[in-house]
Chemist: 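First, the structure itself, so that you have it in front of you.
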Amino acid sequence: MTPYALVDANNFYVSCERVFAPKLRHRPVVVLSNNDGCCVARSEEAKALGIRMGQPYFEVRDLLRRHDGRALSSNYALYADMSRRLMTVIGQFSPEQEVYSIDESFLRFTGFDQWDLTEQGRRLRERVWQWTGLPVGVGIGATKTLAKFANRLAKRHPDFKEVGVCNLLDLSSARQHGYCADSPVDAVWGIGGRWAAKLKAQGIQTVADLQGADLATLQRRFNVVLARTAMELNGIPCLSLEEAPPPRQQIIASRSFGIPVTEIAMLREAVANHAARAAAKLRHEGLAAGIIQVLIATNPFIPEEPQYHPACCVPLPIPTADTARLIRAALAGLSALYKEGYRYKRAGIVLLDLAPVGARTGDLFDPTPAGMRAGDLFSPLPAVARTHDRSALAGSPAPTPTATGERRQRLLTLLDDINQRWGRGTLRFLAEGLVQPWRMRRERMTPGYTTNWRELPVVG
DNA sequence: TCTGGGGTCCTAGGACCC
DNA sequence: TCTGGGGTCCTAGGACCC
């Protein structure tokens, strides 16, 4: 048996803010989603006021005010930087680490038989606190699912909350069973609200019930994922540690607007902006996209208004990571979707058919597809790649992802460097608009304490 | 007035192939 | 009267995660 640990920061976004603003301690604090829409992180004090995860901000604004609370726009640059620091410290405790999300990391302890893992958990927690200022919880168990469950106990069960560490492997099976019998089935990683309701209808109410359920029945009535979860709860590992992230399948860039939008001109700016953001991410990861999907949507929270949420896919002639090409394709898609007479609330794009950019550099301004250039070692680009039929593309040899001409490549790299150094959007395509009246609200932003030279905290 | 964004996996069913 | 069997691929929809 190889133990797993799950380390996870408490109320991560709020905790990041508190590191640099001690006045936020001991009072209700929430961090808002994009557009200052919903509460996506809550301090313990905010939870105690009954503020729910995902609750719209306008519903809790007065409540927060009455209790001297604070609401902050999300500062993703700060959280990403704090995350990097957090993961580095966690990674010092085992050579096998999976960074699972912005604030969570699995560790595997192969060959740690002689170690006191509970003590290691305590030391880890202390070091993270000392080096980053973030509070974390540590759960340890025989599988990832059990480590997750232990982490939940570490964070909220009175028996463990004080130390913040729960090692199921240290507990007698009677005690383990006790905790499982006391916990609702949706406390388990992978069991959401829908399945919990369906499970409860079949008499499976608690974690212990799920442990004792018949696997074949679970698989028949639900699916193989749930059956695996049940096995994991019984200490049989079905999920392995993913130390390297699997290749990405899609990149999404979408946003709600700060105001309702009716004009296609504004939609064009927003779609171009999303395409540019996605393109930058694509280049950052060394990928090229074969298909770009465009979507726009009206506001579903106003059902009295006519609703419309179309989407369409635009195949790229050659897989590309070039902002200009992606914007052009996205705008073509938008023209096909747009209808007058609707109040649009969001727009977005999805990049699909992602593949690593080949080592060769092509030429953007050369109209010949990369595969067809004279002297090319690779097979010619099949004509079907130009059709709009995705299935035709799928069966044919993949066209070699092209980079672009060398000059073009340098231009894009320069663009990325400038925006990296001076902030996103410093240099942008005119199609993205100058004034951008549709931009999301972000009215309660904290400074980039660790990510912007001009916003470093000052001590003294 | 005001309601987030970005991901993954699985399954069922249809189209199509030989 | 009688109407196969085995397979792949794609899509839409539903579930989950943070």
Side-chain angles (χ1 to χ4, degrees), chain A residues 6 8-13 30-42 51-62 64 71 73-74 76 79-80 83 98-106 144-145 148 151-152 185-186 188-199 218-229 238-239 242 245-260 274 277-278 281 285 291 293 295 297-303 311 313 343 345-354 389-396 440-444:
Chain A
L6 179 77
D8 158 328
N10 304 347
N11 320 325
F12 182 59
Y13 296 171
V30 299
V31 172
L32 304 174
S33 63
N34 278 313
N35 225 13
D36 290 349
C38 301
C39 305
V40 292
R42 304 156 296 154
I51 297 174
R52 298 186 313 276
M53 180 67 182
Q55 191 168 7
Y57 172 50
F58 70 85
E59 290 180 9
V60 303
R61 191 164 24 207
D62 292 339
L64 273 174
S73 299
S74 36
Y76 285 109
Y79 311 149
S83 174
E98 171 185 340
V99 175
Y100 174 68
S101 77
I102 193 163
D103 74 328
E104 281 175 72
S105 192
F106 285 102
K144 286 170 102 175
T145 304
K148 266 278 203 185
N151 179 278
R152 181 189 151 99
V185 72
D186 53 1
V188 174
W189 184 39
I191 312 289
R194 303 282 164 85
W195 281 3
K198 207 172 153 190
L199 283 166
L218 286 179
Q219 177 152 358
R220 187 159 29 86
R221 295 199 182 154
F222 294 84
N223 63 18
V224 66
V225 179
L226 187 67
R228 279 203 288 252
T229 295
C238 301
L239 306 170
E242 296 186 8
R248 190 201 263 290
Q249 304 190 13
Q250 58 181 36
I251 291 175
I252 299 181
S254 80
R255 284 276 182 281
S256 303
F257 303 128
I259 51 168
H274 297 328
R277 275 173 45 216
K281 197 184 280 187
E285 305 202 3
I291 295 174
Q293 183 181 27
L295 42 103
T298 49
N299 188 343
F301 294 103
I302 314 179
C313 282
R343 285 155 64 83
K345 181 60 178 170
R346 93 187 269 107
I349 64 104
V350 185
L351 300 179
L352 298 158
D353 257 18
L354 307 184
D389 181 356
R390 203 180 160 187
S391 59
L393 275 167
S396 53
M440 65 176 180
R441 284 183 298 276
R442 220 177 176 184
E443 292 164 356
R444 331 181 67 85

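Predicted model, so just to flag it, every value in this text is computed and none were measured. Just so it is clear: chains get the letters A, B, ... in the order the sequence lines come, proteins before strands, and each one is counted from 1.
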Chemist: Could you tell me how far apart Leu32(A) (CG) and dG5(B) (P) are, to the nearest whole angstrom?
Modeler: 13 Å
Chemist: Gln219(A) or Phe257(A): which one's nearest nucleotide on DNA chain B is closer to the 5' end?
Modeler: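 Result of the comparison: Phe257(A).
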Chemist: Looking only at the side chain of Asn223(A) (C-beta and beyond, no hydrogens), which of the listed nucleotides dT11(B), dA15(C), dT3(B) gets closest?
Modeler: dT11(B)
Chemist: What's Arg442(A) touching, base or sugar-phosphate or nothing? Going by heavy atoms closer than 4.0 Å.
Modeler: nothing
Chemist: Across the strands shown, which category fits Tyr100(A) at heavy-atom distances under 4.0 angstrom: base, sugar-phosphate, nothing?
Modeler: sugar-phosphate
Chemist: Nearest heavy atom decides the nucleotide; on that basis, is Lys345(A) or Val224(A) closer to the 5' end of DNA chain B?
Modeler: Lys345(A)
Chemist: Considering every strand shown, what is the Watson-Crick or G-U wobble mate of dC16(B) when both distances are under 3.5 Å?
Modeler: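 WC or wobble partner is dG7(C).
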Chemist: Please determine whether a side-chain nitrogen or oxygen atom of Ser74(A) lies at a distance below 4.0 Å from atom OP1 or OP2 of dG4(B).
Modeler: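 Answer is no, no contact under 4.0 Å.
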Chemist: Quick one: CZ on Arg442(A) to OH on Tyr76(A), what's the gap to the nearest 0.5 Å?
Modeler: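 Here the interatomic distance stands at 8.0 Å.
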Chemist: Where do Asn35(A) and Ser33(A) land on the side-chain hydrogen bond (donor to acceptor under 3.5 Å, both in side chains) test, with the steps shown first?
Modeler: CA-CA 6 Å; Asn35(A) 225 13; Ser33(A) 63; over 6 Å; no
Chemist: For a quick check of understanding: with a heavy-atom distance under 4.0 Å over all strands, which category does Tyr57(A) fall into, base, sugar-phosphate or nothing?
Modeler: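 Since no nucleic acid heavy atom lies under 4.0 Å of Tyr57(A), the category is nothing.
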Chemist: Need one value for Gly258(A): base, sugar-phosphate or nothing, where a base atom within 4.0 Å counts as base even if backbone is also close, heavy atoms only.
Modeler: nothing
Chemist: Establish, with yes or no, whether the OP1 or OP2 oxygen of dG7(B) is under 4.0 angstrom from a side-chain nitrogen or oxygen of Lys281(A).
Modeler: yes
Chemist: When the distance from CD of Gln250(A) to P of dG5(B) is rounded to whole Å, what number comes out?
Modeler: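 Roughly 15 Å, once rounded to whole Å.
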Chemist: Looking at dC16(C), I'd like to know if its phosphate oxygens (OP1 or OP2) sit under 4.0 Å from a side-chain N or O belonging to Lys148(A).
Modeler: no
Chemist: Do any N or O atoms from the side chain of Asn223(A) and from the backbone of Val225(A) form a donor-acceptor pair under 3.5 angstrom?
Modeler: yes
Chemist: Whole-Å distance between dC17(C) P and Glu242(A) CD?
Modeler: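 Distance check: Glu242(A) CD to dC17(C) P gives 16 Å.
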Chemist: With no hydrogens and no angle check, is any side-chain donor or acceptor of Asp103(A) less than 3.5 Å from a backbone partner on Phe12(A)?
Modeler: no
Chemist: Under 4.0 angstrom, heavy atoms only, what part of the nucleic acid is Gln55(A) near: base, sugar-phosphate, or nothing?
Modeler: nothing
Chemist: Just the rounded figure in Å: distance from C1' of dC10(B) to CZ of Arg194(A).
Modeler: 16 Å
Chemist: Could you tell me the separation between the CG atom of Leu351(A) and the P atom of dG6(B), rounded to a whole number of Å?
Modeler: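 Taking atom P of dG6(B) as the reference, CG of Leu351(A) is at 11 Å.
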Chemist: The side chain of Trp189(A) is closest to which nucleotide in this list: dT11(B), dG4(B), dC18(C)?
Modeler: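 Nearest nucleotide to the side chain: dC18(C).
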Chemist: Look at the side-chain N and O atoms of Arg248(A) and state whether any lies under 4.0 Å from the OP1 or OP2 oxygen of dG7(B).
Modeler: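 For Arg248(A), the contact criterion (side-chain N or O under 4.0 Å from OP1 or OP2 of dG7(B)) is met.
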Chemist: To the closest 0.5 Å, what do you measure between CG (Leu32(A)) and CD (Gln55(A))?
Modeler: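 Here the interatomic distance stands at 11.5 Å.
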Chemist: When the distance from CE of Met53(A) to P of dC17(C) is rounded to whole Å, what number comes out?
Modeler: 12 Å
Chemist: Can a donor-acceptor pair under 3.5 Å be found between the side-chain atoms of Arg61(A) and the base atoms of dC2(B)?
Modeler: yes
Chemist: Let's see if you can work this out: which of dG7(B), dT3(B), dC16(C) has an atom nearest to the side-chain heavy atoms of Ile251(A)?
Modeler: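 Among dG7(B), dT3(B), dC16(C), the one nearest the side chain of Ile251(A) is dG7(B).
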Chemist: Rounded to the nearest 0.5 Å, what separates atom OG1 in Thr229(A) from atom CH2 in Trp195(A)?
Modeler: 7.0 Å
Chemist: Base, sugar-phosphate alone, or nothing: which one does Asp36(A) contact when heavy atoms must sit under 4.0 Å apart?
Modeler: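 Nothing, no nucleic acid heavy atom in range.
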Chemist: Identify which nucleotide among dG4(B), dA15(C), dC2(B) has an atom closest to any side-chain atom of Tyr76(A), counting heavy atoms from C-beta outward.
Modeler: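 Looking only at heavy atoms from C-beta outward on Tyr76(A), the closest nucleotide is dG4(B).
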Chemist: Please pick, from dT8(B), dC10(B), dG4(B), the nucleotide with the shortest atom-to-atom distance to any side-chain atom of Ser33(A).
Modeler: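 Of the options given, the side chain of Ser33(A) lies nearest dG4(B).
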Chemist: Atom OH of Tyr13(A) and atom P of dG6(B): how far apart are they, to the nearest Å?
Modeler: 12 Å
Chemist: Using a cut-off of less than 4.0 Å, is there contact between a side-chain N or O of Ser254(A) and OP1 or OP2 of dG6(B)?
Modeler: yes
Chemist: When the C1' atoms of dC17(C) and dG4(B) are compared, how many Å lie between them, rounded to an integer?
Modeler: 15 Å
Chemist: Are Arg277(A) and dG6(B) close enough that a side-chain N or O sits under 4.0 Å from OP1 or OP2?
Modeler: yes
Chemist: Select one nucleotide: of dT3(B), dG4(B), dC18(C), the one nearest the side-chain heavy atoms of Ser101(A).
Modeler: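 Out of dT3(B), dG4(B), dC18(C), the nucleotide with an atom closest to Ser101(A)'s side chain is dC18(C).
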Chemist: For Ile252(A) and dC17(C), give me the distance from atom CD1 to atom P, rounded to whole Å.
Modeler: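 Interatomic distance, CD1 of Ile252(A) to P of dC17(C): 18 Å.
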Chemist: Rounded to the nearest 0.5 Å, what separates atom NZ in Lys198(A) from atom CD1 in Ile191(A)?
Modeler: 11.5 Å
